[in-house]
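We use all heavy atoms of the structure for the numbers below, so side chains are in, but hydrogens, waters and symmetry mates are not.
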Amino acid sequence: MTYSRLFHPALLVRGIIHTGTAQLEGEEKKRVSIINTLSLASIVLCLIFGTAIYYLTGNIRILLPAYVEALLFVVVLLFNHFRLHNTAAILTALLHNTSIVYFSILMGMVAEVHLLFFFLVGAALTVFQGKPLLISVSITISVLCLILCELNYYYNVIQPLDLSLSDQFLIRWVSIPAILVLDVITIYIYVRGLKRKNVLLQRKAAALEKADKDSRRQAMETSHEMRNPFNAVYGITQDLLMKVQQSDKYPELKSSVEHLYSASHNVLQILNNNLEHHRLEEGVTPQLETSTFNLREWAAETTSIYQYIANVRDVQIALEIEPGMPALIEGDKIKLTQVLNNLLFNAIKFTHAGSTVTVQINQALPDWQLHVKDSGAGIPEERLSTIFSPYVSEQHAFGGTGLGLPIVQRFAELMGGTVSVASKQGEGSVFTLTLPLVAAEEKVAEASVSKQLTIRSFKGVKALVIDDNEMSNMILSRFLERMECEVVSALSGEEGVKLADSLHPDIIFLDSHMPDMNGKDTLAVLHSMPVVRNAIVIAVSGDAAETSIGDLLKAGANGFMTKPIDLKALNDLMIKYESRIANKNAK
């Protein structure tokens, strides 16, 4: 402490409060400053209180102890100065409790020491901050001291000073303000500390929330970025699978290619679940896309695709549809497919090798139900209540993120239905999706679906692929060529417009995200060209829920496809527009 501070009260007080804190940081520095503040306040009050009472009563038995207490609090400051912080804290607590007992006995009920209880508790919480045991011991000692004072009031074990009525009055109105000052100081310090901690907690909460948002955004962006290279992997895998199925040249590769297709499909399901989960966390509410579709064809197609995945685990998938079910129903086919995909993936993952996963569809008027039953070990009863919670997943070599079932539940609720699970140890589990039954038209339309990845020929159809990603462009072009389409590809919107003018395509596959000239701008130019105005335009993106897809559909795109491109989905899309293309070419 420099000499200049001795002649400047504010600097002197600040110097005393920060005695011994130079080498400290954080909460420990604040704790030592609090001890110094209480010590300084106690010194001032002892000197004022002791002097005032002595002046009023002339009793030396009050003056000397008050001055001694003030001197001992100077010792506390010295302990902190020499970095004996724990010793200073303990001495502070002992001095407060000892002085209360002494002056209470000396002055009797006039002192109103019970008012110091809040001070003692607050002092313990601040002086021993971060030390629960010392806080408990200090508060216990304070309670015992107050009890001793009260007992002495009633039984007069030690006789208080014999004071006149006027002296009692004067002492009472000098001591009460002193006590209240200590209470106010302690409460102020404690409340300020709470506010400071609250501010720190709010900052940490804000930082954690930001980090969580950044992490989720990064995870979502990573999933998006993975789609383009994975589009190539998944596309080539489908191409290979179709080749080994249609040829007897490479029988030894068939099993390996089926395993590769299964693994690729698993990754695709994980990517889809991850993206859907992050969209829901961001507050993006999925929109229902209701359409009329053939229930039997839909169920047969989905289960046939998953049979390849089941083959890896030597599992069969059995599909059973109640004869009374309508052929055509109304619903969101895309979300139903995602629900069935997740339930099948889950069932195949946990069922026993050599067994069967059963998919049953039946009426439960006014609803219909989809049951997916496995023959696994079953789900422990204690886990049934959390089975639909995010990231709850059993460790399994077949993989999984714990996001599939929560998405199933959210989609079920979105479609106005419910999903439930029943399980017995050793007998397997049954997941049941219940949805409102809306029959579109009563007619028999039994599906005959092959488990082979078969495609139709669209010979003579002119297709234009506009996509700036070379891998995605190559895969889609190769699929269309396998369908015997006349394919031309462009790596930008500008190039696509030029090629469209010369090719006069029947169908255009347009990527939604491209630099310079994006999908929407490209579509606007294409629609202004008479030679391609009647061409079918299919928007292509890595995420079917993206705003850009919606913008393209509103701008006049006829449909959309998501990456990675699924060969079966592409084949179905081409069949959907086959008659329209034929009519266009017939004109």
Chemist: How about Asp468 and His513: does a side-chain donor come under 3.5 Å of a side-chain acceptor?
Modeler: no
Chemist: With side chains defined as the heavy atoms from C-beta onward, is the minimum distance between Asp332 and Met415 less than 4.5 Å?
Modeler: yes
Chemist: Check whether any side-chain heavy atom of Ile329 sits under 4.5 Å from a side-chain heavy atom of Pro326, and report yes or no.
Modeler: yes
Chemist: Between atom CZ of Phe431 and atom CG of Leu370, what is the distance when rounded to the nearest 0.5 Å?
Modeler: 12.0 Å
Chemist: Tell me, do Ile317 and Val359 make a side-chain contact under 4.5 Å, heavy atoms counted?
Modeler: yes
Chemist: For Ala500 and Pro505, work out which heavy atoms get closest and say how close.
Modeler: O-CD, 3.5 Å
Chemist: Grab the two heavy atoms, one from Leu523 and one from Ala557, that are nearest each other, plus how far apart they are.
Modeler: CD2-N, 3.8 Å
Chemist: Among Ile507, Leu476, Leu570, Ile508, find the one that has a side-chain contact (heavy atoms from CB on, under 4.5 Å) with Ile538.
Modeler: Ile507
Chemist: For a side-chain hydrogen bond (donor to acceptor under 3.5 Å, both in side chains) check, start with the C-alpha distance between Asn311 and Gln307, then their side-chain angles and the critical distance, and finish with the verdict.
Modeler: CA-CA 6 Å; Asn311 289 341; Gln307 184 59 60; 2.9 Å; yes
Chemist: Applying side-chain hydrogen bond (donor to acceptor under 3.5 Å, both in side chains), run through Thr337 and Asn341 and close with a yes or a no.
Modeler: CA-CA 6 Å; Thr337 302; Asn341 284 349; 6.0 Å; no
Chemist: Salt bridge (charged side-chain N to carboxylate O under 4.0 Å, His left out) between Asp572 and Lys568: does it pass, once the steps are laid out?
Modeler: CA-CA 6 Å; Asp572 292 344; Lys568 180 68 174 61; 2.9 Å; yes
Chemist: Counting heavy atoms not belonging to Glu578, are there more than 12 under 6.0 Å from its CD?
Modeler: yes
Chemist: What is the distance from atom OG of Ser420 to atom NE2 of His371, rounded to the nearest 0.5 Å?
Modeler: 8.5 Å
